[in-house]
2 protein chains.
Amino acid sequence: MATKGIQSRNRQEVTGRILSAAERVFAEFGYAGASISRIAAQAGIPKSNVVYYFETKELLYRRVVGEIFDIWRAAADSITVDNDPIQALGDYIDTKLDLARTRPYGSKVWANEIIQRAPIVQDYLEDELRSWTEDRIVVIEAWIARGQIRQISARHLLYAIWATTQHYADFTHQITTLNEGVELTNRQWDETKTAVKDLLLRGVEKPGGA
Amino acid sequence: MATKGIQSRNRQEVTGRILSAAERVFAEFGYAGASISRIAAQAGIPKSNVVYYFETKELLYRRVVGEIFDIWRAAADSITVDNDPIQALGDYIDTKLDLARTRPYGSKVWANEIIQRAPIVQDYLEDELRSWTEDRIVVIEAWIARGQIRQISARHLLYAIWATTQHYADFTHQITTLNEGVELTNRQWDETKTAVKDLLLRGVEKPGGA
DNA sequence: ATGATTTCTGCACGATCGGTCAACATTTTT
DNA sequence: AAAAATGTTGACCGATCGTGCAGAAATCAT
């Protein structure tokens with residue numbers, strides 16, 4: 001009763017390895033280019049075993065996309081009416097950039113899916129993303145109404161934050177190449193955070209309110 | 001002597017149709033998911049005819065990527081030391097957003113290629129993109145040295161412009177879904193230009209220099 | 001008009017794909 | 001310990017892929 005037994009412990013470990021491998025392979029080869037056998041090889045198990053746990057490639061893919069979607073959603077918890085706008089948006093940018101570094105594959109899978117017009121997770125967009133976005137826009141517009149930030153387009157501010165933060169995940173390879181071929185150091189990631197917040201938030205805060 | 005004959009005229013027309021179809025199919029299905037037969041069907045010709053003009057899928061792909069790269073490069077012609085910074089960067093953003101609207105497929109193909117670590121056009125990144133980027137950074141840093149703009153990171157400013165402008169091409173489907181399922185109108189594209197420039201350029205211009 | 005050249009197309013090939021299935025191994029339940 | 005349930009694996013199938021190739025069709029040069 002205390003434990004669930006060896007089988008279920010293994011089940012969790014194996015499915016976890018598959019999900020992790022799938023996130024990477026889907027990111028690096030796209031949905032069509034990612035074969036089940038390559039995912040299996042990445043996870044170190046036979047192809048049949050992947051099918052056993054996730055039935056089809058599409059179901060496995062949906063699980064991967066759902067994971068990164070949930071993580072991103074949680075990253076915006078700081079965006080509430082009662083928080084300080086600059087602090088809240090700054091935290092959101094910081095968290096999003098941390099995720100760009102720690103979970104770049106998930107971001108790439110999402111980008112690929114949207115680029116291809118969301119053939120598999122369109123329901124996510126219409127149900128959860130739409131209402132979630134409208135809620136954040138309401139918060140930002142409340143800040144504007146209170147005079148806490150400049151009169152900007154809340155929607156385009158969100159898009160700009162998404163675009164810039166995810167750019168550092170999706171375009172990591174381009175950024176690395178332009179960084180003389182070496183990955184960004186801890187210091188350079190800190191500089192990135194500072195630069196992105198400096199650029200975007202100066203367009204948000206009131207001129208006098210420095 | 002005046003004309004080149006029917007054959008070469010047709011050659012240009014057919015290769016043009018193939019390139020246009022390929023840009024779209026590569027964007028919507030990724031490199032692996034884009035089959036030659038689907039490109040041929042989109043162009044309205046037999047599969048063998050596509051191979052006749054471009055030999056391999058990879059060579060056709062390189063042509064498609066090279067096209068969008070050249071177009072983007074030309075879009076930054078306004079970024080020179082002697083131009084006014086805010087005007088020049090504003091023009092760049094405008095042009096880049098126009099391209100996001102008129103050539104979204106090219107942008108998506110590029111995004112896909114970078115996400116997958118540039119398996120085919122890495123030479124573009126190391127040769128042309130790298131030197132091109134360094135040149136623009138020199139210009140922006142010259143503006144800073146002259147005191148024409150704030151002391152910002154030229155590199156991250158470029159990345160932010162790329163990220164935001166290309167976001168409106170690569171994530172068109174997400175933006176459309178969040179726009180109640182309908183594509184952006186002319187007016188909304190104008191609002192986008194204004195919002196993006198307002199957000200990014202306020203982080204660039206000197207506080208007093210309004 | 002005729003031969004050379006270019007353009008176009010259907011067919012065939014080996015490879016790889018997603019997914020099925022039956023046999024086997026292990027763990028859990030009784 | 002026997003039965004049931006769960007986990008694991010390799011062999012196999014029909015479909016699609018990129019590409020090579022031979023020959024037909026159209027155009028060009030003479």
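Note that the coordinates shown come from a computational prediction; the quantities given were computed from them, not determined experimentally. To find a chain, count down the sequence lines: A is the first, B the second, and so on, and within it residues start at 1.
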Trainee: Charged N to carboxylate O under 4.0 angstrom, B:Glu58 versus B:Arg62?
Mentor: no
Trainee: If you measure from the Lys or Arg side-chain nitrogens to the Asp or Glu carboxylate oxygens, is any gap between A:Asp98 and A:Arg101 under 4.0 Å?
Mentor: no
Trainee: Provide the closest heavy-atom pair for A:Gln188 versus A:Glu183 in the form atom of the first, atom of the second, distance.
Mentor: OE1-O, 4.0 Å
Trainee: Between the side chains of A:Glu134 and A:Arg155, is the shortest nitrogen-to-carboxylate-oxygen separation below 4.0 Å, so that they form an ion pair?
Mentor: yes
Trainee: Within this structure, what is the CZ-to-C1' distance between A:Arg17 and D:dT8, rounded to whole angstrom?
Mentor: 13 Å
Trainee: Tell me: CZ of B:Arg11 to P of C:dT7, nearest whole Å?
Mentor: 4 Å
Trainee: Do nucleotides 16-25 of chain C as a string where each nucleotide becomes B, S or -: B if the base has a protein heavy atom under 4.0 Å, S if just the sugar-phosphate does, - if no protein is that close.
Mentor: -SBBB-----
Trainee: Could you tell me how far apart B:Tyr52 (OH) and D:dA25 (C1') are, to the nearest whole angstrom?
Mentor: 12 Å
Trainee: Report the distance from atom CG of A:Asn49 to atom C1' of D:dT8, rounded to the nearest whole Å.
Mentor: 6 Å
Trainee: Figure out the CD1/P separation between B:Ile120 and D:dG18, and round it to whole Å.
Mentor: 12 Å
Trainee: Would A:Phe69 and A:Trp72 count as a close aromatic pair, with their ring centres under 6.0 Å?
Mentor: no
Trainee: Rounded to whole angstroms, how far apart are CG on B:Leu59 and C1' on D:dG18?
Mentor: 13 Å
Trainee: Please lay out, stage by stage, how B:Gln122 and A:His173 fare under the test side chain to side chain donor-acceptor pair (under 3.5 Å).
Mentor: CA-CA 10 Å; B:Gln122 175 66 14; A:His173 179 73; 2.5 Å; yes
